[in-house]
Protein chains: 2
Amino acid sequence: MGLTERDASDEALRALAEPRRRAILRLVAHDELAAGEIAAAFEVSRTAISQHVTVLKNAGLLTERRDGTRRLYRARPEGLAELRTLLDEMWAGALDNARRLVEADRGLSDTDEEVGRAG
Amino acid sequence: MGLTERDASDEALRALAEPRRRAILRLVAHDELAAGEIAAAFEVSRTAISQHVTVLKNAGLLTERRDGTRRLYRARPEGLAELRTLLDEMWAGALDNARRLVEADRGLSDTDEEVGRAG
DNA sequence: CGTTAATGTCAGTCGTTGCTAACGTTAGCG
DNA sequence: CGCTAACGTTAGCAACGACTGACATTAACG
């Protein structure tokens, strides 16, 4: 079967996988900035930044607002929230696994598995 | 350039960007499975699965336990928690932005800080 | 209407990565 | 030992993605 997963969560997760895109997102999380201002914060060309911004916009992590020839961007909290929901789902599954180990530990003292260990 | 970010969060985020790796993670979130069992759940070769598991392990999202010639894997909740923390930081920034807009609507004026430049 | 400013888009290059096939490694069995 | 089973590892290839330079587009201004 096709493994070409194409939902919004996948797109947003893949967009966040890029360090440069995360930097852009942090930049526009505090203030609404124009494309030129964003590009000025990096050493790469404006073309690269424009493409990154397009990816972030398609992923629903960014909002575009036009003001004359300029285009202002800012982070979209809803997009981040969706990502956190996806992570929470996986986290719930892992927690279910951890709880199973804890229950097994109640009845058995032979196993030496460690769960929730800060390393 | 000096933008080669190499912390654990970056590695985990990039590991989760792959749909196949997310599927593996969901698989071992419910039960502890051997490498062969994981590979049997997909159409790709065992080699590909082994490499994906290595990536997930290096990202701190997986735990390896050896039993004879077999290697059992299960999800590590801490790794997911770190990712959620990273997302929460970004989310906090976006919320700060939203709160600023709300305060502006109420007529309050606040001092803004300069944006950190990369480079 | 022509010019400039701000920005997006296209084609091509190059590093990265997910994949397969072949080989190496470790643990159990006789 | 030799043999088998369950893995990981390496080399090589094809696809994807990030980047740059050149061109297209849109809006203000005289």
Side-chain angles (χ1 to χ4, degrees), chain A residues 1-7 10-28 31-59 61-74, chain B residues 1-7 10-28 31-59 61-74 118-119:
Chain A
M1 41 183 154
L3 197 53
T4 7
E5 193 179 340
R6 277 293 176 224
D7 52 5
D10 174 71
E11 213 166 347
L13 206 38
R14 202 165 44 184
L16 273 178
E18 204 63 31
R20 191 101 49 179
R21 280 195 284 263
R22 257 175 296 160
I24 293 175
L25 207 57
R26 289 183 194 275
L27 228 60
V28 296
D31 296 295
E32 191 178 32
L33 296 179
E37 294 176 303
I38 299 174
F42 299 96
E43 297 290 336
V44 295
S45 65
R46 293 191 307 278
T47 307
I49 299 300
S50 181
Q51 289 167 348
H52 281 312
V53 166
T54 299
V55 171
L56 288 170
K57 188 171 56 179
N58 289 338
L61 297 171
L62 231 54
T63 311
E64 185 188 285
R65 186 172 69 90
R66 308 173 84 124
D67 176 44
T69 67
R70 298 187 311 173
R71 306 197 180 184
L72 293 314
Y73 295 96
R74 69 175 166 89
Chain B
M1 308 309 183
L3 198 57
T4 1
E5 191 179 340
R6 277 292 178 225
D7 52 5
D10 174 71
E11 213 166 348
L13 207 39
R14 203 166 42 184
L16 273 178
E18 205 64 32
R20 192 99 51 175
R21 281 196 284 264
R22 256 176 296 162
I24 294 175
L25 207 58
R26 288 183 194 274
L27 228 58
V28 297
D31 296 294
E32 191 178 32
L33 295 179
E37 294 176 303
I38 299 174
F42 299 97
E43 299 289 337
V44 296
S45 66
R46 291 182 299 107
T47 307
I49 299 300
S50 182
Q51 289 168 348
H52 280 312
V53 165
T54 299
V55 171
L56 288 169
K57 188 170 56 180
N58 289 337
L61 297 171
L62 232 54
T63 311
E64 184 188 285
R65 186 172 68 91
R66 307 173 84 127
D67 176 44
T69 66
R70 299 188 312 174
R71 307 200 178 182
L72 293 314
Y73 295 96
R74 69 176 166 88

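In what follows, every chain begins at residue 1, and chains take the letters A, B, ... in the order their sequences are listed. Only a predicted model underlies this, so the values are computations on that prediction, with no experimental measurement involved.
- Of all nucleotides listed (D/dT9, C/dC10, C/dA6), D/dT9 comes nearest to the side chain of B/Thr47.
- Checking A/Val55, A/Leu16, A/Ile49 one by one against A/Arg21, the side chain to side chain contact (heavy atoms under 4.5 Å, CB included) holds for a single residue, A/Val55.
- As rounded to whole Å, 11 Å separates atom P of C/dG8 from atom CG of A/Leu72.
- Interatomic distance, CD of A/Glu11 versus CG of A/Leu56, reported as 10.5 Å (0.5 Å rounding).
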Walk me through whether A/Glu32 and A/Val28 qualify under side chain to side chain contact (heavy atoms under 4.5 Å, CB included).
CA-CA 5 Å; A/Glu32 191 178 32; A/Val28 296; over 6 Å; no

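- No contact: A/Ala39 has no heavy atom under 4.0 Å from any strand.
- No contact: B/Arg66 has no heavy atom under 4.0 Å from any strand.
- Put simply, B/Arg20 has a side-chain N or O that comes within less than 4.0 Å of OP1 or OP2 on C/dC19.
- Heavy atoms of B/Arg46 sit under 4.0 angstrom from at least one base atom.
- A/Leu56 places its CG atom 13 Å from the C1' atom of D/dA18, with the value rounded to the nearest Å.
- The nucleotide whose nearest atom lies closest to any side-chain atom of A/Val44 is, among D/dC19, D/dA5, D/dA18, D/dC19.
- Whole-Å rounding puts the A/His52 NE2 to C/dT7 P distance at 17 Å.
- Nucleotide D/dA15 holds its P atom 17 Å from the CZ atom of A/Arg14, rounded to whole Å.
- In this structure, the separation between OG on B/Ser50 and NZ on B/Lys57 is 8.0 Å, given to the nearest 0.5 Å.
- The CZ atom of A/Phe42 sits 15 Å away from the P atom of C/dT7 (whole-angstrom rounding).
- In this structure, the separation between NE2 on A/His52 and CD1 on A/Ile38 is 11.5 Å, given to the nearest 0.5 Å.
- Of the candidate nucleotides C/dT20, C/dA5, D/dT20, D/dT20 has the atom nearest to the side chain of A/Ala48.
- At whole-Å resolution of the value, CD in B/Glu18 and C1' in C/dT17 are 8 Å apart.
- Counting heavy atoms of neighbouring residues, nucleotides and ligands inside a 6.0 Å radius, atom CZ of A/Arg26 exceeds 12 of them.
- Between A/Ser50 and C/dG8 there is a side-chain polar atom (N or O) within less than 4.0 angstrom of OP1 or OP2.
- Look at B/Ser45 and you won't find any side-chain N or O under 4.0 angstrom from OP1 or OP2 of C/dC19.
- Judged by closest nucleotide on DNA chain D, B/Val53 is the one of B/Val53 and A/Val55 placed further toward the 5' end.
- Between B/Ile49 atom CD1 and C/dT17 atom P there is a gap of 18 Å when expressed in whole angstrom units.
- Using a 4.0 Å heavy-atom distance criterion, A/Gln51 is classed as a base contact.
- Between the CZ atom of B/Arg71 and the C1' atom of C/dG28 there is a distance of 15 Å, given to the nearest Å.
- Heavy atoms of B/Ala35 sit under 4.0 angstrom from primed sugar atoms or phosphate atoms, though from no base atom.
- Put simply, B/Tyr73 has no side-chain N or O that comes within less than 4.0 Å of OP1 or OP2 on D/dA6.
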